[in-house]
Protein chains: 2
Amino acid sequence: MPGAPKPASSAQDQLRIGDLAKLAGTTPRTIRYYEEVGLLPETVERVSGAHRTYSHAELERLQEVMRLKELLGLTLEELKALIAVEEARAEVRAQLRQEDVAPARRRELLVEARGHLDRQLELVRHRAAELSRLQDELSETRKRVRRKIRELDAQSEGSFPPQPPLPAAVEGSS
Amino acid sequence: MPGAPKPASSAQDQLRIGDLAKLAGTTPRTIRYYEEVGLLPETVERVSGAHRTYSHAELERLQEVMRLKELLGLTLEELKALIAVEEARAEVRAQLRQEDVAPARRRELLVEARGHLDRQLELVRHRAAELSRLQDELSETRKRVRRKIRELDAQSEGSFPPQPPLPAAVEGSS
DNA sequence: ATTGATCCTTACGTTCACGTAAGCTTCAGA
DNA sequence: TCTGAAGCTTACGTGAACGTAAGGATCAAT
């Protein structure tokens, strides 16, 4: 209504906890809980009682956390250790805006982040490898089962009921 | 009681719950609990109070269950639905020993098992794909971080401390 | 200034997946 | 036959990860 153009400041991006929850596919309670246990940083400069506000960056972080939890099945405690990366990277990004940060300090942060990334990668690779093996074994088993079915069908050739028309259609995904 | 030599029956393979637990890397309590919720079949013909006994086949089944739980992070309830395969396959194996089973029935069981296997495979493939994407993203991020470190090192060329000798050595465990 | 929707804190409740303890029974080996 | 280790049932306890409810505060829009 007011002719005043919205201050083109970097605000705008402010989400409330309910919005964040909806966007991330979770609940406000969960977000507060994650903050409580230290998985998410306490929203900046908040007087007790005031509403929490989140930026798009925080949404991404939350989604990343949820993804790691989902995919790796870790406890929140384990996750906390793992996602220290985000912490470091966030700090680096924040400091990149100030030019007066000692390169030495910046390097430290980056090296730290690299270390965390290496740990994450190792964990993920391991998981992926195990899953891959499981997949192979399942495929192998399925092959055997299908072969046995075919054998049965061949034996009862004509002599038996008109061969159940194989529901077949196994969706050849991937 | 009689000095009768141990009946050379097919026994021998009989494990007690403690052995089974140790072999599978879990506890008796967990095994009983799995049985309670229907994840493991109640050991055959057991009068209440008598010890449970397990065969090698049951060990394998338990290990399979634990592996699926670990890798996919499913609840026991979800697992129950998923591992109906084992049920069907066990039945097939049992029936394979009797030749008098109608081929039609045998076929039914096999088809059922195939269906369950398809579901498992789809789930595992999906998981594997997601993990793979995560892995790629992590690799990408790591590359960027490493590049930034190199850039920093290049900038401070000679002008700065003798370039921290890169702790490198990412402990190549496993 | 006044809402009504959303949020805040505090705190107790709940489900899952077992752990632990007690009292008794079974079983394998001497 | 006896015994002690391991098992059985029953039941209460526990930590993680939230759900839910109560009573009041905040905030955006009117």
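Chain identifiers are assigned alphabetically (A, B, ...) following the order of the sequence lines, protein sequences preceding nucleic acid strands; residue numbering begins at 1 within each chain.
Atom-to-atom, CD of E35(A) to P of dC18(D) comes out at 15 Å; the value is rounded to the nearest Å. Summarising the geometry, the separation between CD1 on I17(B) and P on dA6(D) is reported as 14 Å, rounded to the nearest angstrom.
Proximity of K69(B) to the phosphate of dC18(C): a side-chain N or O atom is located under 4.0 Å from OP1 or OP2. Applying the 4.0 Å criterion to OP1 and OP2 of dT9(D), one finds that R52(B) has a side-chain N or O inside that range. One finds no side-chain N or O of T27(A) lying less than 4.0 angstrom from the OP1 or OP2 phosphate oxygen of dC18(D). OP1 or OP2 of dC8(D) has at least one side-chain nitrogen or oxygen of R32(B) nearer than 4.0 Å. The side chain of R29(B) contributes no N or O atom lying less than 4.0 Å from OP1 or OP2 of dC12(D). Listed pair S48(B) / dC8(D) fails the phosphate criterion, with no side-chain N or O lying under 4.0 Å from OP1 or OP2. One finds no side-chain N or O of Y33(A) lying less than 4.0 angstrom from the OP1 or OP2 phosphate oxygen of dA16(D).
Counting only distance, with no hydrogens or angles, the side chain of E130(A) and the backbone of R127(A) share no donor-acceptor pair below 3.5 Å.
Within a 6.0 Å radius of CZ in R133(B), no more than 12 heavy atoms belonging to other residues, nucleotides or ligands are found.
For A50(B) and L76(B), each mapped to the nucleotide of DNA chain C holding its nearest heavy atom, the one lying further toward the 5' end belongs to L76(B).
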